[in-house]
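Here the structure is laid out as structure tokens; the discussion comes afterwards.
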Amino acid sequence: MMMVGLAKLLNLAITINNTNLLIINHCRFLTFIVQNSINEPSFNNTSMCSLIQQCIENKSLTKARMVHAHAIKFGLLGLNVGNKLTDAYLKCGCIVDTRKLFDELPQRYLISWNSMISYYIGQGKCKEAILLCKRMVSEGVLPDNFTFSSVFKAFSELGFVNGGREAHGMSIVLGLEVLNKFVGSAIVDMYAKFGKMKEAHVVADRVMSKDVVLLTALIVGYTQHGDGEKALKVFGEMIRQGINANEYTFASILITCGNVEDLSIGKLVHGLMVKSGLESVVASKTSLLTMYSRCGLIDDSLKVFNNFLCPNQVTWTSLLVALIQNGKEEVALSKFKEMISSSVLPNSFTLSSVLQACSSLAMLELGKQIHAMVMKFGLDRDKYAGSAVVNLYGKCGSTEMARSVFDALVEYDVVSMNFMIYSYAQNGIGHEAIKLFHKMKELGLEPNEVTILSVLLACNNAGLVEEGCQLFDSIKNNQRFELTRDHYACMVNLLGRCGRLEEAEVLVKQVRNPDLVLWRTLLSACKIHGEVEMAERALKQVLDLSPDDEGTHVLMSNLYASAGNWNQVIEMKSTMREMKFKKNPAMSWVEIDKEVHTFMAGDWSHPSSKEILDTLGCLIEKVKILGYIPDTRFVLQNMDEEEKKRSLYYHSEKLAIAFALRKTNNKTTTIRLFKNLRVCGDCHSWIKLMSHIKLLRNETQMPLSVTKQTFGMRDQSVGAAVLRSDQAEIIKIWLRNLWHLDGTLAEAATICKTAEILGAKARINIIL
DNA sequence: GTAGGGTTAG
């Protein structure tokens, strides 16, 4: 009690703690102070430093402030005490006090400068650290090995290449670059983080005594910049030199093994890791999981995962990514639920990966729930999670939602731009795609191969032939990057579908070793235009490359059918029979109240078949009023015209939509239709007209209400347009709501008739 | 009293 009283007298704030030991310590400390205060001559530098040491050991800011006050009072705030006190403040975690005292000191030890710099870097305040370092030099204090080994990290984190180079120069002058491995490895790491691997390697070669940290920094650099070969080479040399790899090295080199998909080396490294006793270190084991997954051995990844007692956020995410990259999206989604149940929180990596799974499966409802999680974690403006949400909505046909999420992003890069452009492209909104492409360039973002492919796809799906040609030629002439076969295939499709078949064929021949996709694209275009002769040339090439290609036989048989060459159809079908081909039946499915309903043409096994047929009959009549003309060219069997029309009515797409409309109420504005094959041209036109029917439920006996509909498709590869709208407003509105335009004369007639019915003065150019 | 390297994503 006496001590507490004394403390109060001395204006000291003390905390009465239940722990006896703490009270005892406190009392001893106070006794010391009081004794020294009474007996002034015994307060000297040594005793002050000893007191400060106690502050450090107890991590007590209160005591440090108390000693500080005494040091001032007794005029002892000199070099030793002052510098030691900054250390105490720093260890107590109080940067305000530390910095204030540090700035007030008449002179600072190098060690204090270093501590301050290191502290700022540890707190992520890299600019502050660099400023302090510059001030130190300007005050005539030369940096030492400690200063350099810290400060290079600040330059690399800020991406200050020139500053980093300048500091590197200074370390050379002071002889620290080569002689000190701490400095050397920090420089290597810095250049590696800048992606300047040549410079990193040169420095590493110069450092006198190489150790595992230095070489690991080099390996990590090569791994992260995709140079697996060099990473493996450095690793091999390291082992030969007798330098043992540690958990950091294994974590990185296993990623390289996965990247180069070299299972034998991966297994060898796994063996080394076990031999080193580092198999259970979390980060290395996580890399092991990734290595097996990238080598395609997902079961081994699962085995590694099951070995974790308490998988962390990164391990869980690695597992999800492994599953998704091995085509097991559904399993990944169920594992994600497991992760959440085990109270491991997802981060941006996790959510963007899971969203990727939802996008691939077009699972909009689950995707929306994950979007909600993204918002809950404040990641909706994060460029990774945010752009994954953009991709989700884009892939599911909700371009407006995609755009609204896209607009909220803080930072744009080429990937987020590509997602948005692709979303416009696949939903047939070509002009918006092109607009965004120009905006991207205005923002100074360099388009890449994917961007160009997306814009070309947009041109395909919106019939913007001239725009597509212009872009293709400009890239070809610019030679900023090489156009791939995919770009060529896109152009062949664009030209071919609008009837410029000769140009398309020339383009195919321009490609060195044209592949299956290119010839098949040309073949498809030939099918649209009934161009048998060129088709046969393309067919020869396709069969040379892939004699058993089922799709091609089907395509060719369909071409002969649409050209009315029934003899060849019979011949083709018999070849297919001989080769035991079976055409995949076209299927469509819709999800209503979490239940999936699947339909096939001519299959009446669905319990509601009768009602579906009634609804469909009514819908077809309504759509006919809008100008629907059944396009019997899509009937590939030899039958009379009336039979052909009837067979078109019962396509699986139409059955599924009729069913969905019966089962949903007025609140449903969107029906998502999934298909295993490309939608047929007739259904395509029919669906587009359907989206403009406005039928009220009470108008008929049937529960029909279609106001505004978007049809998201699993296979949206229906491409190319030969139709172009002109200024007529109604057509513009219509085009905006359309998915794609495809190029059939029947559709042109449909559009004209619709425009007429709606009272619009439309002019339509048909490009053939 | 001060210092260097790792694993997951769109």
Side-chain angles (χ1 to χ4, degrees), chain A residues 49 52-53 56-57 83-88 90-91 109-119 121-122 143-153 156 176 180-190 192-193 204 207 211-221 223-224 245-255 258 278 281-291 293 311-322 324-325 346-357 359 374 379 382-392 409 413-419:
Chain A
C49 286
I52 296 168
Q53 189 58 40
I56 294 170
E57 280 161 18
N83 280 283
K84 180 116 185 140
L85 201 52
T86 55
D87 185 38
L90 210 52
K91 295 249 166 70
Y109 285 146
L110 178 56
I111 205 166
S112 298
W113 285 104
N114 287 344
S115 301
M116 288 293 292
I117 291 167
S118 163
Y119 175 84
I121 292 168
D144 68 352
N145 46 335
F146 285 90
T147 331
F148 281 118
S149 53
S150 302
V151 87
F152 288 122
K153 194 176 182 179
S156 70
L176 293 166
N180 188 287
K181 61 186 177 188
F182 284 87
V183 177
S185 55
I187 300 170
V188 170
D189 180 56
M190 178 182 73
K193 295 243 160 73
V207 177
D211 68 354
V212 61
V213 179
L214 178 96
L215 295 171
T216 302
L218 200 57
I219 290 170
V220 170
T223 300
Q224 291 181 342
N246 64 16
E247 65 268 38
Y248 289 79
T249 329
F250 285 124
S252 189
I253 200 68
L254 281 166
I255 297 301
L278 295 165
V281 178
V282 175
S284 327
K285 206 158 72 166
T286 304
S287 296
L288 192 65
L289 185 161
T290 301
M291 185 275 287
S293 117
N312 65 17
Q313 202 178 41
V314 180
T315 309
W316 270 110
T317 308
S318 304
L319 174 75
L320 302 179
V321 172
I324 293 164
Q325 287 176 350
N347 61 11
S348 168
F349 285 76
T350 328
L351 295 173
S352 48
S353 309
V354 181
L355 282 162
Q356 159 71 37
S359 308
V374 168
L379 293 166
D382 171 88
K383 80 173 172 186
Y384 288 96
S387 61
V389 177
V390 171
N391 186 32
L392 168 83
L409 292 177
D413 65 4
V414 65
V415 182
S416 50
M417 282 284 174
N418 287 352
F419 278 142

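By convention in this document, chain letters (A, B, ...) are assigned in the order of the sequence lines, proteins followed by strands, and residues within each chain are numbered from 1.
- Nucleic acid contact for A:Val321: sugar-phosphate only, since backbone atoms but no base atoms lie under 4.0 Å from a heavy atom of the residue.
- At a threshold of 4.0 angstrom between heavy atoms, the contacts of A:Gln53 with the nucleic acid are absent.
- Residue contacts for A:Ser112: at a heavy-atom cut-off of 4.0 Å it reaches a base atom on one of the strands shown.
- Partners of A:Phe182 by side chain to side chain contact (heavy atoms under 4.5 Å, CB included), not counting sequence neighbours, listed by chain and number: A:Ser149, A:Asn180.
- Within the nucleic acid shown, A:Val281 comes within 4.0 Å of at least one base atom, counting heavy atoms only.
- Using a 4.0 Å heavy-atom cutoff across all strands shown, A:Asp144 reaches no nucleic acid atom at all.
- When heavy atoms are screened at a 4.0 angstrom cut-off, A:Val183 is found touching no nucleic acid atom at all.
- Using a 4.5 Å heavy-atom threshold, the side chains of A:Leu215 and A:Thr249 count as separate.
- For DNA chain B, the contact window with chain A, defined by any atom under 4.0 Å from a protein heavy atom, covers B:dG1 to B:dG10 in 5' to 3' order.
- Backbone-only engagement by A:Ser150 is indicated by non-hydrogen atom pairs under 4.0 Å involving sugar-phosphate atoms exclusively.
- In this structure, a donor-acceptor pair under 3.5 Å is present between the side chains of A:Ser252 and A:Thr223.
- Residue contacts shown for A:Gln224 are limited to sugar-phosphate atoms, with no base heavy atom under 4.0 Å away.
- At distances below 3.5 Å, not a single donor-acceptor pair connects side-chain atoms of A:Ser287 with backbone N or O atoms of A:Ile255.
- Across all strands shown, A:Thr350 has no heavy atoms under 4.0 Å from either base or sugar-phosphate atoms.
- Within the nucleic acid shown, A:Phe419 comes within 4.0 Å of sugar-phosphate atoms alone, with no base atom in reach, counting heavy atoms only.
- With sequence neighbours left out, A:Ile324 forms a side chain to side chain contact (heavy atoms under 4.5 Å, CB included) with A:Glu329, A:Ala332, A:Ser353, A:Gln356, A:Ala357.
- Between the side chains of A:Asn83 and A:Thr86, no donor N or O sits under 3.5 Å from an acceptor N or O.
- At the heavy-atom level, A:Leu110 lies nowhere under 4.0 Å from the strands shown.
- As judged by a 4.0 angstrom heavy-atom cut-off over every strand, A:Asn145 is placed among the base-contacting residues.
- Less than 4.0 Å separates DNA chain B from at least one heavy atom of each of the following residues of residues 382-390 of chain A: A:Lys383, A:Tyr384, A:Ser387.
- Scored by the salt bridge (Lys or Arg N to Asp or Glu O under 4.0 Å) test, A:Lys383 finds A:Glu411, A:Asp413 as partners (sequence neighbours excluded).
- Using a 4.0 Å heavy-atom cutoff across all strands shown, A:Val220 reaches sugar-phosphate atoms only and no base atom.
- Closest non-hydrogen pair, A:Val374 versus A:Ala385, comes out as CG1-CB, 4.1 Å.
- Considering only residues two or more places apart in sequence or on other chains, A:Lys84 meets the side chain to side chain contact (heavy atoms under 4.5 Å, CB included) condition with A:Cys49, A:Ile52, A:Gln53, A:Ile56.
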